[in-house]
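Here is the structure we will look at, set down as structure tokens.
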Amino acid sequence: MSTFASAADHRALPLLDKRDLDAPLAWRDGVPVSARRFLADARQMASRLPLGGPAINLCNDRYAFAVGLVAALMRGQASLLPPDARPDTLARLHESGDDCYALTDDAALATPGLARVLVELSATDEVQEEGSVPSFDAARHAVSLLTSGSTGVPQAHAKRWGTLVGDVAAAVPRLAALLGRSSLEGLTLVATVPVQHSYGLESSVLLALMGGAAFDSGRPFFPADIAQALAAVPRPRALVTTPFHLKTLLLSGVDLPPVDFILSATAPLSPQLAAQAEQGLGGPMIEIYGSTETGQVAARRTTQTDMWETFGAIRVRAEHGLAGERFIFEGDFVPEPTAMADILELQDERHFRLLGRANDLIHVAGRRSSLGFLNYHLNSIPGVQDGAFWLPDDVADGVVRPVAFVVAPELSHDAVIAELRQRLEAVFVPRRVVHVASLPREATGKLGVRALGEFARAQLAGEGDTVRFTREVPHDHPCFPGHFPGQPLLPGALILAEVREAIARVPALVARLGPEPTLAAAKFLAPVGPGASLAIELQPEAGAGGGVRFEVRSGEVLAASGRWTPAVERP
């Protein structure tokens with residue numbers, strides 16, 4: 001029977017799978033926490049929550065997050081899961097009109113304008129109360145996953161409780177089968193992905209609550225921390241990660257404890273990296289395919305096939321319209337037929353290949369490809385630690401030429417080009433490969449279109465090119481209480497510091513001005529307050545010895561302007 005929950009579906013679905021309540025549900029600093037202890041913590045937390053809601057769950061510790069999530073459910077409240085805890089993000093949520101409050105495990109976290117509840121856990125191991133496993137209405141609004149769209153304003157994707165239960169119920173049999181197991185019972189999940197992200201939520205906390213596994217409470221980021229987190233939990237254990245984090249881990253040279261299962265999502269994984277992961281960590285490498293709107297809908301074992309197979313009763317079909325071909329996922333727990341932002345090659349209604357993102361298709365000299373496909377091959381080159389293609393706006397000789405940015409300290413420009421010629425059609429082989437120290441990736445490993453565009457233009461800026469950056473001014477910047485009470489203003493010195501930081505990101509401007517440029521002129525023309533969006537424009541002056549003029553706009557208003565010149569040599 002499908003576990004999809006419609007708005008009229010009012011079945012009571014339990015919080016936990018059928019499990020031993022005294023067995024570990026989580027691990028905190030190498031210490032097991034039973035399901036019975038977890039339920040007691042959640043009930044105690046629920047009694048402390050205010051009326052109203054929803055709760056904005058900002059907890060970094062995965063166990064504290066899970067306690068807050070379930071406590072809100074027990075209190076009859078949904079949880080909002082924002083992509084970050086920036087003051088401007090929280091301010092927008094506060095302005096939505098809901099009687100929301102912030103849940104956090106960080107006493108120092110500022111939540112301007114929001115009531116704050118600190119998730120504090122009992123230090124004793126004794127469970128003071130008993131109680132049955134709670135159940136919740138399948139049609140109940142459980143969480144809203146918030147993603148930042150092109151405008152930067154968080155977009156909410158509401159999930160009913162039955163949808164979350166169905167997501168896990170469909171995924172577990174498929175994952176267990178790929179692992180050659182009958183269930184996920186006893187498996188401990190160590191995740192590098194933020195739990196507020198849909199993949200991080202589904203593949204750590206929810207997979208434990210409703211899939212029989214357990215989860216580690218931390219969120220290790222650096223390779224040594226990941227190795228330590230894995231070593232602190234018993235086998236069988238799994239690593240839940242992303243291609244970017246996985247590649248960094250395998251290149252680090254850190255001794256890694258063996259794992260029994262590796263799960264990856266957020267971007268396609270190259271067969272080479274999948275094979276390296278299986279060899280280096282010892283367990284099968286499984287990829288998850290899905291989206292915030294649909295949840296996880298398909299999986300594959302990358303070293304064995306390039307074909308994805310859907311979960312449960314989910315089906316995929318092609319739909320042709322004026323906007324071109326779209327691929328629709330529907331059935332089982334998916335709330336409604338949903339188009340993915342990808343180009344697929346369908347084998348049948350349950351099996352497909354992923355060819356690339358629909359919004360990153362590019363045309364060069366009459367040939368079509370996708371940036372995702374090009375990036376896939378770029379990152380498959382031995383010695384490339386990270387890489388991304390970018391398509392400039394300008395056209396040379398009537399043809400747009402892609403540029404490749406690589407983190408590859410041991411490879412020359414010509415070596416990268418030679419490798420790409422073996423993998424790509426000639427028209428997609430870049431004329432220019434730019435070596436960089438790192439790419440501006442998000443915490444999940446994703447590389448945003450705007451962030452990459454700004455980064456690329458800064459790296460490629462030449463003589464006379466104008467370079468532009470955007471910056472957000474936090475609502476809780478520490479300068480505001482003193483500048484000035486009742487009318488907070490960003491001091492001019494900090495505006496200049498933002499301009500200096502922008503200059504430092506442009507190699508051509510650093511070469512022009514030197515490491516310690518001189519501020520030749522500065523005018524402050526309009527106030528800059530909390531939450532302002534600053535647009536910084538840098539314009540080199542004519543001539544080799546000239547300086548760099550700058551303008552800073554707050555919205556449409558010119559807030560500051562001035563000029564930096566090369567450092568004055570002192571005798």
Side-chain angles (χ1 to χ4, degrees), residues 5 7 9-16 38-107 109-121 131 133-148 153-165 167 194-198 200-202 205-206 209-210 292 295 335 475:
D9 184 356
H10 293 286
R11 290 173 295 156
L13 299 177
L15 171 68
L16 302 179
F38 172 77
L39 291 174
D41 284 342
R43 290 190 179 99
Q44 184 181 40
M45 190 70 223
S47 68
R48 296 179 47 228
L49 297 184
L51 296 174
I56 304 173
N57 197 325
L58 305 174
C59 294
N60 289 313
D61 179 278
R62 215 169 293 263
Y63 184 79
F65 170 92
V67 168
L69 177 77
V70 174
L73 282 168
M74 291 175 170
R75 192 70 163 165
Q77 300 169 2
S79 294
L80 305 184
L81 310 184
D84 54 65
R86 296 188 315 178
D88 57 323
T89 300
L90 300 183
R92 291 189 181 103
L93 294 176
H94 181 56
E95 291 166 1
S96 66
D98 290 324
D99 189 18
C100 53
Y101 61 92
L103 273 177
T104 178
D105 56 346
D106 181 1
L109 180 68
T111 57
L114 286 171
R116 184 179 64 175
V117 177
L118 194 63
V119 178
E120 297 178 303
L121 304 171
V133 174
S135 294
F136 305 108
D137 190 324
R140 166 93 164 273
H141 177 202
V143 303
S144 283
L145 292 152
L146 301 167
T147 58
S148 294
V153 178
Q155 305 296 314
H157 302 278
K159 303 284 184 177
R160 294 189 287 270
W161 177 242
T163 302
L164 299 181
V165 173
D167 186 318
V195 71
Q196 285 81 5
H197 186 274
S198 58
L201 172 68
E202 294 161 351
V205 168
L206 296 186
L209 292 176
M210 295 172 277
T292 303
H475 284 264

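Every heavy atom of this structure was used, including side-chain atoms; hydrogens, water molecules and symmetry mates were not. Here, residue 1 is the first one in the sequence, and each next residue gets the next number.
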Subject >> Among L103, L81, D106, L109, the one residue meeting side-chain contact (heavy atoms from CB on, under 4.5 Å) with L58 >> reply: L109

Original post:
What heavy-atom pair brings D61 and A64 nearest, and what distance separates the two atoms?
Top reply: OD1-N, 2.8 Å

Original post:
What is the minimum heavy-atom distance between E202 and D167, and which atoms define it?
Top reply: OE2-OD2, 3.1 Å

Original post:
Does any pair with a residue in residues 134-145 pass salt bridge (Lys or Arg N to Asp or Glu O under 4.0 Å), and if so which ones, sequence neighbours excluded?
Top reply: none

Original post:
Looking at side-chain heavy atoms only, is the closest gap between F136 and L15 below 4.5 Å?
Top reply: yes

Original post:
Is there a donor-acceptor pair closer than 3.5 Å between any side-chain N or O of N57 and the backbone N or O of C59?
Top reply: yes

Original post:
Rounded to the nearest 0.5 Å, what separation is found between the CG atom of L121 and the CZ atom of F38?
Top reply: 10.0 Å

**OP:** Compute whether any side-chain donor of one residue and acceptor of the other, for Y63 and D105, lie under 3.5 angstrom apart.
**Re:** no

Original post:
Got M74 and P134 here, is their nearest side-chain heavy-atom distance under 4.5 Å?
Top reply: yes

**OP:** Sorted by first residue and then second, give each salt bridge (Lys or Arg N to Asp or Glu O under 4.0 Å) pair with at least one member in residues 71-82; sequence neighbours left out.
**Re:** none

**OP:** Verify, without hydrogens or angle tests, whether W161 (side chain) and L13 (backbone) share a donor-acceptor contact under 3.5 angstrom.
**Re:** yes

**OP:** Side-chain contact test, heavy atoms from C-beta onward, threshold under 4.5 Å: evaluate it for Y101 versus I56 and give yes or no.
**Re:** no

Show me, pair by pair, the donor-acceptor contacts under 3.5 angstrom made by side chains of residues 45-55, not counting sequence neighbours?
from : atom 1 : to   : atom 2 : distance (Å)
S47  : OG     : Q44  : O      : 2.5
R48  : NH1    : L118 : O      : 3.3
R48  : NH2    : L118 : O      : 3.1

**OP:** Please round to the nearest 0.5 Å and tell me the distance separating atom OG of S79 and atom NZ of K159.
**Re:** 14.5 Å

**OP:** Measure across A139 and R160 and return the closest heavy-atom pair with its distance rounded to 0.1 Å.
**Re:** O-CD, 3.3 Å

**OP:** Please confirm whether the backbone N or O of A110 pairs with a side-chain atom of R116, one donor and one acceptor, at under 3.5 Å?
**Re:** no

**OP:** Kindly indicate, with the supporting measurements, whether the criterion side-chain contact (heavy atoms from CB on, under 4.5 Å) is fulfilled by T104 and V119.
**Re:** CA-CA 6 Å; T104 178; V119 178; over 6 Å; no

